Amino acid sequence: MSSVVNTTATSAEISAIQGSEGLLGPVLARTVVCLLSLLFVWRAWRFTVLPFLHPDQPKEFPYWIPFGLGKTHLANTGELMLARSYLGNTDDPFALTAFGMTFYVVTQAKHSAEVYRNTETLSFEAFVQGLMRINGNDEDIIKAVYTALPADKTGFPNPQGESLGVLAQRMHAHQLHPGENLAALQKQVQAWVDGHLNLADLASFPSVASTSPASIEVPLYQWCSEAFIQLGQDVYFGETLAGIDPALPAAFLAFDELIWKMLYRYPGFLSGDMAAPRARVIASLNRYFQVPPGQRRGGAAWLVNAMEDEMRAIGVEGKNLAIVVFHLYLAINTNARKTAFWMLSYLIHNPSLLAAYRAETAAAFGPSGALVDPLLIQEPARCPCVDAVWHETLRVSGWAASVRLVTADTVVGGKRLRRGGCVVVPHRLLHLDARVVGARPDCFRPERWVPSKAGGGDARAGLARSPAWRPFGGGKTMCSGRFLARYSVTVFVAALLRRFDVQLVGDPPFPRADEGRPVLGTMSIKEGDDFPVRISLRA
């Protein structure tokens, strides 16, 4: 005998269901009204009452979500300008909150000078320690790196008894400021450019779309990135690292294009596409340091070998050593590749400017096209076009910003910055300020850097020495690599133009900078804006 389940609701059950649905509407409405009322009260308290009670603190750009704004508000110049305009176009520091962190934005040159002078309560070291944690350094290693060392220790001189984390800045300057050590790296760059800027080597990069006996076609951004990462890697680490992982530049490029996820500390489930190539770079560096020193140190830069010695002396080994050097690898390769791309883009889209650049730098090459006098290219008096194009490329394409952690309440520009926040000095706002750089600040105009043409409201001849001009940051943390970066980019571009014709394929629009993606210097391009060029042997 089979049984039948009764699925028909009784009239009483139907009435009960209808009654609960009837109550649900008013309850939901009251809940929504209550939540909205609380939100309005919170917003009025946060952005009206508190500023009235604490006029000594920076005004804060208002928002509706309690955790703060999205990432683009901190990365996008236009939105930073919008925030400053909303707050009355003030030159005072103002505040933004993103992901629960308060960022104090300093936009005036004299206030940025206050930030750079303050090394007691505005800490760059704390910011670096945060990066070390994000990238996987153990806490005991971070403590060891930032523990004061004896003044009479062996190795690199340490007369002030500083920690290795602080001393590393002096080591970078020792290698990269003008002198014998910088000259040694410049010779390495010269040798690489002379040896690799030939059609066979240029055609070997992964991004090459097509080849012929006399030319190649490439997407310029991808190709420039591959070439410059390989250049930087070979100059600092020799050929050993390339032998360990031939595809390492491609892995780094994949990471670097997503570096904003690291900077904003995205959780692991949202940043796997960034974390995987980062892990590969670190693993390859770890394998590099496992190679016997006699087989690799002869081809490496002094800085790499010295950093290894100093780190091992305080017990930093294995993967922790690789992570520390990963930050050096990042500094070497994140900006030069993009700066070279932007410089070439502006030259290719302006044939008369390209011809002037090529004519000025011709004397640096011998009859066979060999690079014989690369230092000539660095002299503004002999190559004013090169100098102007370099500066204007940095100005228009750079997203220079300095970051400090506020370790104790600090007054900057007459405003009290609270402990635990971050100070951000977005120099791009000044670099796009007509009061600083002259007319049409959004346009690429190299002539604003030429003294004889800097009249009529344009920038003065002293713009490059202005306190508002900080493409490499400022203070004791100003980028030590700025001299080698200029040398490498301008020499590479000059040699490429000397030996090849670089022409657009078709009629692509000029690439757009991705201002909404935070970077550590030069901006990337918007996705899909890379464009093809044909690189052909010159007659």
Side-chain angles (χ1 to χ4, degrees), residues 178 182-183 185-203 213-218 220 223-224 227-228 231 235 336-337 339-397 444-454 461 464 482-505 533-539:
L182 174 62
L185 285 187
Q186 289 173 331
K187 288 181 179 178
Q188 291 287 90
V189 172
Q190 178 182 355
W192 194 98
V193 168
D194 257 344
H196 291 282
L197 280 192
N198 58 74
L199 199 60
D201 281 8
L202 299 187
S215 68
I216 59 174
E217 289 189 10
V218 298
L220 187 62
W223 180 83
C224 268
F228 255 86
L231 186 161
V235 166
R337 66 180 183 88
T339 306
F341 162 79
W342 286 115
M343 181 177 284
L344 280 168
S345 296
Y346 284 114
L347 291 173
I348 293 168
H349 283 83
N350 190 330
S352 62
L353 192 62
L354 187 152
Y357 193 106
R358 181 178 274 155
E360 276 190 359
T361 58
F365 298 91
S368 64
L371 186 57
V372 296
D373 188 9
L375 293 179
L376 175 149
I377 300 171
Q378 310 307 304
E379 298 181 25
R382 300 179 70 181
C383 293
C385 176
V386 173
D387 186 67
V389 169
W390 167 254
H391 280 91
E392 188 70 347
T393 300
L394 292 180
R395 188 189 71 81
V396 175
S397 306
F444 183 84
R445 299 178 62 228
E447 59 269 23
R448 75 175 78 244
W449 297 94
V450 181
S452 62
K453 298 182 180 180
R482 60 192 183 276
F483 304 105
L484 186 64
R486 170 171 174 149
Y487 178 94
S488 302
V489 171
T490 56
V491 165
F492 178 93
V493 170
L496 184 69
L497 297 180
R498 177 69 176 173
R499 299 174 186 179
F500 300 93
D501 287 317
V502 185
Q503 300 169 313
L504 295 172
V505 176
V533 297
R534 182 177 297 108
I535 301 176
S536 310
L537 287 171
R538 296 188 73 202

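The structure presented is a predicted model; accordingly, all values stated were derived computationally and were not measured.
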query = Taking only residues two or more places apart in sequence, or in another chain, which ones meet Arg358 in a salt bridge (Lys or Arg N to Asp or Glu O under 4.0 Å)?
reply = Asp501
ask   = Do Leu202 and Leu496 pass the side chain to side chain contact (heavy atoms under 4.5 Å, CB included) test, and can you show the C-alpha distance, the side-chain angles, and the key distance before you say yes or no?
value = CA-CA 10 Å; Leu202 299 187; Leu496 184 69; 4.2 Å; yes
request  = For Arg534 and Ser215, indicate whether the former's side chain and the latter's backbone hold a donor-acceptor pair under 3.5 Å.
outcome  = no
ask   = Is Ile535 close to Trp223 at the side-chain level, that is, under 4.5 Å between some pair of heavy atoms?
value = yes
Per-pair distances, 0.1 Å, donor-acceptor, side chain in residues 371-380, under 3.5 Å, sequence neighbours excluded:
unit_1: Gln378; atom_1: NE2; unit_2: Thr490; atom_2: OG1; d: 2.9

ask   = Rounded to the nearest 0.5 Å, how far does CD of Gln188 lie from CH2 of Trp192?
value = 12.5 Å
key: Set of residues satisfying salt bridge (Lys or Arg N to Asp or Glu O under 4.0 Å) with respect to Glu360, sequence neighbours excluded   = none
query = Got a second to check how far Leu497's CG is from Phe365's CZ, nearest 0.5 Å?
reply = 8.5 Å
For Phe444, all residues meeting side chain to side chain contact (heavy atoms under 4.5 Å, CB included), sequence neighbours excluded = Tyr346, Leu353, Val389, Glu392, Thr393, Val396, Pro446
Phe492 versus Ala227, closest heavy-atom pair with distance = CZ-CB, 4.3 Å
request  = Carefully, step by step, assess Leu185 and Tyr487 under the rule side chain to side chain contact (heavy atoms under 4.5 Å, CB included).
outcome  = CA-CA 10 Å; Leu185 285 187; Tyr487 178 94; over 6 Å; no
key: With sequence neighbours excluded, residues passing side chain to side chain contact (heavy atoms under 4.5 Å, CB included) with His391   = Asp387, Trp449, Ala464, Trp469, Arg486
ask   = What pair of heavy atoms forms the shortest contact from Cys224 to Leu344, and how long is it?
value = SG-CD1, 3.7 Å
note = All heavy atoms of Ser345 vs all of Leu220, minimum pair found to be OG-CD2, 3.9 Å
query = Out of curiosity, Cys385 SG to Leu347 CG, how far, rounded to the nearest 0.5 Å?
reply = 7.0 Å
Expected output: side-chain Arg499 to main-chain Leu197 donor-acceptor under 3.5 Å = yes
key: Worked check of side chain to side chain contact (heavy atoms under 4.5 Å, CB included) between Trp342 and Leu394   = CA-CA 9 Å; Trp342 286 115; Leu394 292 180; over 6 Å; no
Reported CD1-to-CZ distance for the pair Ile216 and Phe500, which is rounded to 0.5 angstrom = 7.0 Å
request  = Run the numbers on His349 and Leu504 for side chain to side chain contact (heavy atoms under 4.5 Å, CB included), then give the verdict.
outcome  = CA-CA 8 Å; His349 283 83; Leu504 295 172; 3.9 Å; yes
For the student: nearest non-hydrogen atoms of Ala340 and Val489, plus distance = CA-CG1, 3.8 Å
remark   = Taken in chain and number order and not counting sequence neighbours, the residues that satisfy side chain to side chain contact (heavy atoms under 4.5 Å, CB included) with Ser488 are Val189, Phe228, Leu484
